[in-house]
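Quick notes on the structure that follows.
Please read all numbers here as calculations on a predicted model, not as lab measurements. Order of the sequence lines sets the chain letters (A, B, ...), proteins ahead of strands, with each chain counted from 1.
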Number of protein chains: 2
Amino acid sequence: MDKRSVAEAKRRLASRGHRLTKQRQAILEVLRSSDVHPDADWVYREVRKVLPHVSLGTVYRSLEVLRDAGLIASLEVGPRRRYDGNTSEHQHILCISCGRVADIHLPPSLLEELEQRAASEADFTITGHRVEFYGLCPQCLQKSKAESTE
Amino acid sequence: MDKRSVAEAKRRLASRGHRLTKQRQAILEVLRSSDVHPDADWVYREVRKVLPHVSLGTVYRSLEVLRDAGLIASLEVGPRRRYDGNTSEHQHILCISCGRVADIHLPPSLLEELEQRAASEADFTITGHRVEFYGLCPQCLQKSKAESTE
DNA sequence: GTAGGTGCAAAAACTTTGCATTTAC
DNA sequence: GTAAATGCAAAGTTTTTGCACCTAC
């Protein structure tokens with residue numbers, strides 16, 4: 001993680017009364033250098049390669065703090081909570097066969113229309129949305145095709 | 001639950017090698033007569049009013065079987081899995097303050113456009129989507145307004 | 001009659017928490 | 001220096017499972 005990123009992370013955490021510890025920095029680095037959208041346990045196992053004594057409790061606590069500070073994002077595709085080092089607005093698609101998650105970028109105008117429609121339907125004040133897709137990734141599609149022609 | 005519904009449930013379950021037990025029928029009735037989008041434990045407590053000896057394990061197993069048979073739907077807004085007796089295509093909005101879930105109906109054309117956009121972005125074969133919103137329900141909006149003017 | 005389902009209780013899976021000690025600022 | 005954070009372990013919450021007995025078909 002470069003100097004600028006460290007400073008920015010420190011700033012964002014400090015604004016909420018938190019600190020950038022080496023554990024949190026390691027978690028950030030692990031998440032930002034991967035695109036697997038992992039769960040807490042995966043992060044824990046990766047961080048332990050760098051900080052062997054980190055605890056699972058710290059990973060859970062740090063993921064929450066980092067997410068509240070807007071430094072990472074969380075998603076709930078599937079049964080357990082997963083995390084994403086990429087906080088820019090984007091959507092996900094989950095492979096129903098292998099569990100892999102890929103990124104998708106929908107046009108902001110379409111998302112805006114979505115929220116407007118929802119707002120006019122419900123009496124709610126909308127603060128956010130979640131748009132996810134399910135399907136078969138190219139590899140699993142191949143596999144299922146191969147199996148059906150056996 | 002009327003005769004027709006029972007027959008339909010029986011048919012759907014039978015097609016997958018399952019049976020319509022009195023426990024499953026009670027679970028279906030509880031879900032269909034409510035719009036709270038409850039979790040397994042709520043269903044358990046409701047069903048126990050009718051069948052006092054039902055077990056939580058049976059509720060979990062039945063909810064899965066009923067969902068796989070298409071007789072109910074599940075949603076993952078929030079930390080635990082919730083269920084919906086209404087299986088017709090619709091979306092949900094979750095109140096971030098009180099946890100209440102309300103139904104929304106987006107135009108099919110908009111959802112279609114969404115899937116088409118996603119399909120053209122990812123290499124996946126899309127089989128489904130999940131569109132959810134977050135916000136404040138009218139009651140909680142009132143409350144937060146009242147608090148901020150205190 | 002029999003495959004599928006149930007109740008019960010134990011276990012698994014995931015996440016949170018209390019506390020003495022350490023550390024970032 | 002001190003408030004925040006950590007490691008460790010224990011506990012909490014939600015969900016799944018093994019098994020002997022039951023029941024829908």
Side-chain angles (χ1 to χ4, degrees), chain A residues 1 3 6-28 37-45 47-69 71-72 74-83 99, chain B residues 1 3 6-28 37-45 47-69 71-72 74-83 99:
Chain A
M1 210 155 76
K3 255 188 191 169
V6 170
E8 166 70 4
K10 207 172 278 195
R11 193 186 63 70
R12 289 228 200 182
L13 286 168
S15 77
R16 309 183 131 254
H18 292 302
R19 297 167 183 176
L20 181 61
T21 61
K22 62 179 189 298
Q23 289 87 345
R24 290 177 183 169
Q25 190 168 329
I27 290 170
L28 262 182
H37 308 81
D39 60 14
D41 194 63
W42 187 96
V43 174
Y44 170 58
R45 280 180 278 116
V47 172
R48 268 208 307 192
K49 291 178 185 171
V50 185
L51 301 171
H53 288 286
V54 77
S55 72
L56 188 54
T58 292
V59 170
Y60 272 101
R61 280 180 291 219
S62 296
L63 286 170
E64 193 185 343
V65 166
L66 292 171
R67 188 197 34 171
D68 290 348
L71 290 162
I72 61 175
S74 68
L75 37 154
E76 343 253 311
V77 285
R80 52 185 155 286
R81 190 172 301 145
R82 302 171 74 150
Y83 294 90
Chain B
M1 209 156 76
K3 254 189 190 169
V6 170
E8 166 70 4
K10 208 173 277 196
R11 192 187 63 70
R12 288 227 200 182
L13 286 166
S15 76
R16 310 182 130 254
H18 291 301
R19 296 168 185 177
L20 181 62
T21 61
K22 63 178 186 298
Q23 289 87 345
R24 291 178 183 168
Q25 189 169 328
I27 290 170
L28 262 182
H37 308 82
D39 61 13
D41 194 62
W42 187 96
V43 173
Y44 170 57
R45 280 180 279 117
V47 171
R48 267 207 308 192
K49 293 178 184 171
V50 186
L51 301 171
H53 287 285
V54 77
S55 72
L56 188 54
T58 292
V59 170
Y60 271 101
R61 280 180 292 220
S62 294
L63 286 170
E64 193 187 342
V65 166
L66 292 171
R67 186 195 36 168
D68 291 348
L71 289 163
I72 61 175
S74 68
L75 34 156
E76 345 253 310
V77 287
R80 52 185 156 287
R81 191 170 302 144
R82 303 171 73 150
Y83 295 89

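- To the nearest angstrom, P of dG7(C) lies 11 Å from CZ of Arg48(B).
- Rounded to whole angstrom, the span from the CZ atom of Arg24(A) across to the C1' atom of dC25(C) amounts to 13 Å.
- A heavy-atom distance below 4.0 Å to DNA chain C is reached by these residues of residues 9-22 of chain B, ordered by number: Gly17(B), His18(B), Arg19(B), Thr21(B).
- Atom pair Leu51(B):CG and dT23(D):P shows a separation of 12 Å (rounding to whole Å applied).
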Summarise how protein sits on nucleotides 8-21 of chain D as a single string, 5' to 3': B when a protein heavy atom is under 4.0 Å from the base, S for sugar-phosphate-only contact, - for no contact.
B-----SBBBB---
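- Residues that satisfy the side chain to side chain donor-acceptor pair (under 3.5 Å) test with Asp41(A), not counting sequence neighbours, are Arg45(A).
- Taking Thr21(A) as the reference, Gln23(A), Arg24(A) meet the side chain to side chain contact (heavy atoms under 4.5 Å, CB included) condition, with sequence neighbours excluded.
- Residues Tyr44(A) and Val54(A) have side chains in contact (heavy-atom distance under 4.5 Å, counting atoms from C-beta outward).
- Proximity of Gln25(B) to the phosphate of dA24(D): no side-chain N or O atom is located under 4.0 Å from OP1 or OP2.
- Arg11(A) pairs by the side chain to side chain contact (heavy atoms under 4.5 Å, CB included) definition with Glu8(A), not counting sequence neighbours.
- Here the P atom of nucleotide dA5(D) and the CD1 atom of Ile27(A) are 12 Å apart, to the nearest Å.
- With sequence neighbours left out, Lys10(A) forms a side chain to side chain contact (heavy atoms under 4.5 Å, CB included) with Val6(A), Leu20(A).
- Formation of a donor-acceptor pair under 3.5 Å by the Ser62(B) side chain with backbone atoms of Thr58(B) is found in this model.
- Atom P of nucleotide dT15(C) and atom CH2 of Trp42(A) are separated by 16 Å, given to the nearest angstrom.
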